[in-house]
Number of protein chains: 2
Amino acid sequence: MPFANLLKNIQKHVNLNAEEEAYLLSLFSEKAVDKKEMLLHEGQPCHYFYFVYKGALRSYCLDKQGKESTIMFALQNWWITDMFCFLNDKPAIMFIEALQDSVVLQIHKKSLDNLLLKYPKFEKWFRVLMQNAYTREQLRVIDNLTLSAEEKYDKFLAKYPLIVNEITQKQLASYLGITPEFLSVIRKNKL
Amino acid sequence: MPFANLLKNIQKHVNLNAEEEAYLLSLFSEKAVDKKEMLLHEGQPCHYFYFVYKGALRSYCLDKQGKESTIMFALQNWWITDMFCFLNDKPAIMFIEALQDSVVLQIHKKSLDNLLLKYPKFEKWFRVLMQNAYTREQLRVIDNLTLSAEEKYDKFLAKYPLIVNEITQKQLASYLGITPEFLSVIRKNKL
DNA sequence: GTTATTTATTAATCTACCTTAATTTTTTTT
DNA sequence: AAAAAAAATTAAGGTAGATTAATAAATAAC
């Protein structure tokens, strides 16, 4: 019942009657993504906003030297997209890949626009999502400015204990902004 | 006419009738802040969201070693607060200080909550503010992960040419996450 | 307009983290 | 289950940027 989780997630913020609920769900479609498959590729249009029903995803971008930087990880019940490009109809600057065999529920940008126009009560839901995303990113900026590599690692473990099991050390290092070699040293020093 | 700018800013996103406009404006009050005066102090309740009518502000936080990290600068027509603490009614983790003699228009958290309840059309305005703030912070995270100190400096100049005139080198360095000494070297190398 | 404070400059030394590269372990593919 | 590919470990050497400290310049306070 993939849609039950989605509904529960949205109903945290908005009370829905049967009609609204039906309309909302009609806008989402289910999509399976195999491990290592790309849900979004840099340069492509980013038309969808994804709800993770099952599995784990990662978004990242590449700099000119080909170095990966992980933007975020998304486990079950998280939302993910290249938000800037999604909102502004720009070609993606990120990749989104499945870390495990996953199932997402996707909504098209146009459908989301229609939803917000037709039923403005969904504005609140999206507003709260954006609030949380903003304050989370701001916290991350502060951590990047003030913490050492080891402190960032410790904080990540404390904050996202479930993510660590789903990802490689290389991916974690690229989230923290350090090399996998150095993360290996940090981990060794803990033992 | 401090409120004209404020109205124009909000009306970019929401069409208002006379009643809504009057109610909105009734929630804001004007406040002058002298240069170097603190609008918010770490540990204090953060009850207000500020619109900069005139002048320039800066938010920053202090780590345990007393090192400053600038979170953001806000010039005319920008909004500023310690958003996480404002939204969640937590004691502030930031300071907000006036860089110049300034005038802000402030709205209390409770007033904003009431506004959004009474006139849900303002949800869209706040949603777009949060969207923009989120994608801006995400860009900053990516820049922090991928750029050298000099590249971050160049990008800041290109993106915020007006801010540079209002701030000290020390403040800019603390935004970029480098020491003022090193920023001095970077600047010298440009000549 | 002097004095006191803060900010900026410069240079020497230092260090957290990177780079490279070789080896081992784990995962994936067939 | 063998072979191939990817990830993790370890260590030597290197560098971007920090730290310290002393001097100069600019702001602010009186």
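Since the structure is predicted, the reported quantities are computational estimates derived from the model, not experimental observations. Lettering of chains follows the sequences in order, A, B, ..., and the numbering in each one begins at 1.
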Worksheet entry | From N77(A), T81(A), V104(A), residue fulfilling side-chain contact (heavy atoms from CB on, under 4.5 Å) relative to F51(A) | N77(A)
Response to the item:
From CG of L172(A) across to P of dA6(D) the rounded distance in Å is 21 Å
Worksheet item: Can a donor-acceptor pair be found between the side chains of E166(A) and Y160(A) at a distance below 3.5 Å?
Response: no
Fill in: Spacing of E37(A) atom CD relative to dT28(C) atom P, expressed in whole Å
16 Å
Worksheet item: Rounded to whole angstrom units, what separation is found between the NZ atom of K36(B) and the P atom of dT27(D)?
Response: 11 Å
Fill in: Interface residues of residues 158-170 of chain A with DNA chain D (non-hydrogen, below 4.0 angstrom)
T168(A), Q169(A), K170(A)
Worksheet entry | Aromatic centroids of Y48(A) and H108(A) separated by under 6.0 Å | yes
Item to complete: Would you check if K124(A) and L116(B) make a side-chain contact, meaning some heavy-atom pair closer than 4.5 Å?
Response: no
Worksheet entry | dT30(C): pairing nucleotide in any strand, Watson-Crick or G-U under 3.5 angstrom | dA1(D)
Discussion item. I'd like to know if E68(A) pairs up with R58(A) as an ion pair, taking the criterion as any Lys NZ or Arg NE/NH1/NH2 lying under 4.0 Å from an Asp or Glu carboxylate oxygen.
Written reply: yes
Worksheet item: Would a 4.5 Å heavy-atom cut-off, applied to side chains only, mark E19(B) and Y119(B) as touching?
Response: yes
Worksheet item: Do R140(B) and Y175(B) meet the cation-pi criteria used here (NZ or CZ under 6.0 Å from the six-membered ring centre, within 45° of the axis)?
Response: yes
Worksheet item: What's the OH-P distance between Y153(B) and dA8(C), to the nearest Å?
Response: 12 Å
Response to the item:
Whole-Å distance, L99(B) CG to dT27(D) C1', equals 15 Å
Item to complete: Flag the pair F126(B) / F49(B) as yes when at least one side-chain heavy-atom distance between them is below 4.5 Å, and no otherwise.
Response: yes
Worksheet item: dA8(C) P sits how many Å from Q171(B) CD, rounded?
Response: 8 Å
Item to complete: Indicate the ring-plane relationship of F95(A) and Y60(A), choosing parallel, tilted or perpendicular according to the 30° and 60° boundaries.
Response: parallel
Worksheet item: Are K188(A) and dA8(D) close enough that a side-chain N or O sits under 4.0 Å from OP1 or OP2?
Response: no
Fill in: Contact pattern, 5' to 3', of nucleotides 17-22 of chain C - B, S or - by protein heavy atom under 4.0 Å
BSBBB-
Worksheet item: So, is K35(A) close to the dT28(C) phosphate, meaning a side-chain N or O under 4.0 Å from OP1 or OP2?
Response: yes
